[in-house]
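Here is the structure we will look at.
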Amino acid sequence: MISGSGIRITWTPVAHGWADITLEDHQAKAELTASCITSAPEDFLTAMARLVAGERETRVQFEAEPTAYQWIFYREGEEVWSCVLELRDGSDHGNRGMEMWSSQFGIDQLSRAVIRCFDEVAQTFGESGYRGKWGEHFPRTELEALRRLWHSHQHLWEA
């Protein structure tokens, strides 16, 4: 379990093509599932990078066949409000989902938690072990892009 000062995120490949994702803050916990029919880890890391770069709204969808989970992020200044919706079907739109978790964090806290989450995945499984479990390459390019953006913006958040 990885902590980013208020939020803990885990990404655990559990079977070929499947991962369990756990989100937890001081108020609630949500457990999601993702399948490899989409580029879920790459999409998640890219959504975080866009948020760090200044986008005000971004989202990522994890397919659980037929259920899907949509994690939505809204940024206002250095604060991010996020919520996870459970969609009965992956083709449903976000406004048709049931909210199962929501919270607010600083952009620094959230991005640090995501980076630490995937660093822990790499450390636990190794990149080849990850590929054996998930079925696709470890998202090294997306993780390093997020890390570079986070480092380049970190001095702004500390001011």
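Numbers here simply count residues along the sequence, with the first being 1. Predicted model only: the values in this text are computed from it and were never measured.
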Distance (rounded to the nearest 0.5 Å) between Ile9 CD1 and Glu24 CD: 11.5 Å
Asp25 and Ser103 side chains, donor-acceptor separation under 3.5 Å: yes
Close side-chain approach of Ile72 and Leu85, heavy atoms under 4.5 Å: yes
Residue pair Gln61 / Ala68: nearest heavy atoms and the distance that separates them: NE2-CB, 3.7 Å
Glu142 side chain near Glu144 side chain, heavy-atom distance below 4.5 Å: no
Ala122 versus Arg140, closest heavy-atom pair with distance: CB-NH2, 3.8 Å
Contact summary for Pro41 and Phe118, nearest pair of heavy atoms: CB-CE2, 3.9 Å
Pairwise distance SG(Cys117) to CG(Leu23) - rounded to 0.5 angstrom: 9.0 Å
Spacing of Tyr69 atom OH and Glu86 atom CD [to the nearest 0.5 Å]: 4.5 Å
Centroid-centroid distance, Trp11 to Phe125, less than 6.0 Å: no
Residues Glu76, Arg56: salt bridge by 4.0 Å N-O rule: yes
Shared hydrophobic cluster for Leu149 and Leu110 (ILVMFWY, side-chain gaps under 4.5 Å): yes
Pair Glu120 + Arg116, salt bridge at N-O below 4.0 Å: no
Min side-chain heavy-atom separation Thr33-Ile21 under 4.5 Å: no
Minimum heavy-atom distance between Ala47 and Arg59, given as atom pair plus value: CB-O, 4.2 Å
Stepwise side chain to side chain contact (heavy atoms under 4.5 Å, CB included) test for His137 and Glu127: CA-CA 7 Å; His137 291 287; Glu127 294 194 22; over 6 Å; no
Contact summary for Met100 and Ala30, nearest pair of heavy atoms: CE-CB, 4.1 Å
Approximate separation, where rounding is to 0.5 Å, of Arg131 CZ and His16 NE2: 9.0 Å
Nearest-0.5 Å distance, OG1 of residue Thr67 to CZ of residue Arg88: 9.0 Å
Beyond-backbone contact of Phe44 with Val114, side-chain heavy atoms, under 4.5 angstrom: yes
Sub-4.5 Å side-chain heavy-atom contact between Gln70 and Leu87: yes
Heavy-atom closest pair, residues Trp81 and Glu99: CZ2-OE1, 4.4 Å
Where at least one partner belongs to residues 36-54, residue pairs that pass salt bridge (charged side-chain N to carboxylate O under 4.0 Å, His left out), sequence neighbours excluded: Arg50-Glu55
Residue pair Ser35 / Glu65, side-chain donor-acceptor N/O under 3.5 Å: yes
Heavy-atom check, side chain of Phe105 versus side chain of Arg112, under 4.5 Å: no
Atom pair CG (Leu45) and OG1 (Thr141), whose distance is rounded to the nearest 0.5 Å: 10.5 Å
Any donor-acceptor N/O pair, Arg75 side chain to Val52 backbone, under 3.5 Å: yes
Ser111 side chain vs Asp108 backbone, donor-acceptor pair below 3.5 Å: yes
Side-chain heavy-atom pair Leu143, Phe138 within 4.5 angstrom cut-off: yes
Which residues share a ring pair (Phe, Tyr, Trp, His ring centres under 6.0 Å) with Phe73, sequence neighbours left out: Trp71
